[in-house]
Amino acid sequence: MMPPMCAVCPAAPHSAGKFTDFVLVHFRETVTYPEGWVGHPENAVWFCAGHASVVEGLTDLTADEALERIRQG
């Protein structure tokens, strides 16, 4: 699992923020992982508590599509 780091305001991992200050958001899957696969899924993205609301309504997109919409404003 990747350490918490907001995809919108990429603060350094292990910064002053606590683990509970981040939200892991799952977007539409684009990859099927084999049984027993371990690691950070490509459709799961960390956001700080302040930016978690930005992704409301975008979870039906892929992570890349959602992040592109967020960057475009």
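Since we're looking at a predicted model, the values are computed, not measured.
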Partner residues of Gln72 under the side-chain hydrogen bond (donor to acceptor under 3.5 Å, both in side chains) criterion, sequence neighbours left out: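 Result, side-chain hydrogen bond (donor to acceptor under 3.5 Å, both in side chains) vs Gln72: Glu68.
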Identified side-chain contact (heavy atoms from CB on, under 4.5 Å) counterpart of Phe27 within the set Val55, Thr62, Leu67, Asp60: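 Exactly one pass, corresponding to Val55.
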Minimal non-hydrogen separation, Ser53 against Gly50, with atom names: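 Answer, listing the atom of Ser53 first, then Gly50: OG-O, 4.1 Å.
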Rounded at 0.5 Å granularity, tell me how far [atom1] in [X] sits from [atom2] in [Y].
X	Y	atom1	atom2	value
Arg69	Leu58	CZ	CG	6.5 Å
Thr59	Asn43	OG1	CG	10.5 Å
Trp46	Cys6	CH2	SG	11.5 Å

Met5 side chain near Phe47 side chain, heavy-atom distance below 4.5 Å: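 With C-beta onward as the side chain, the pair stays apart.
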Val54: partners by side chain to side chain contact (heavy atoms under 4.5 Å, CB included), with sequence neighbours left out: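 With neighbours one apart ignored, the set is His51, Ile70.
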Sequence-distant partners of Val31, side chain to side chain contact (heavy atoms under 4.5 Å, CB included), two or more places apart: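 With sequence neighbours excluded, Val31 shows a side chain to side chain contact (heavy atoms under 4.5 Å, CB included) to Tyr33, Glu42, given in chain and number order.
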With Arg28 via salt bridge (Lys or Arg N to Asp or Glu O under 4.0 Å) - residues at least two apart: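 Arg28: salt bridge (Lys or Arg N to Asp or Glu O under 4.0 Å) contacts with Glu65.
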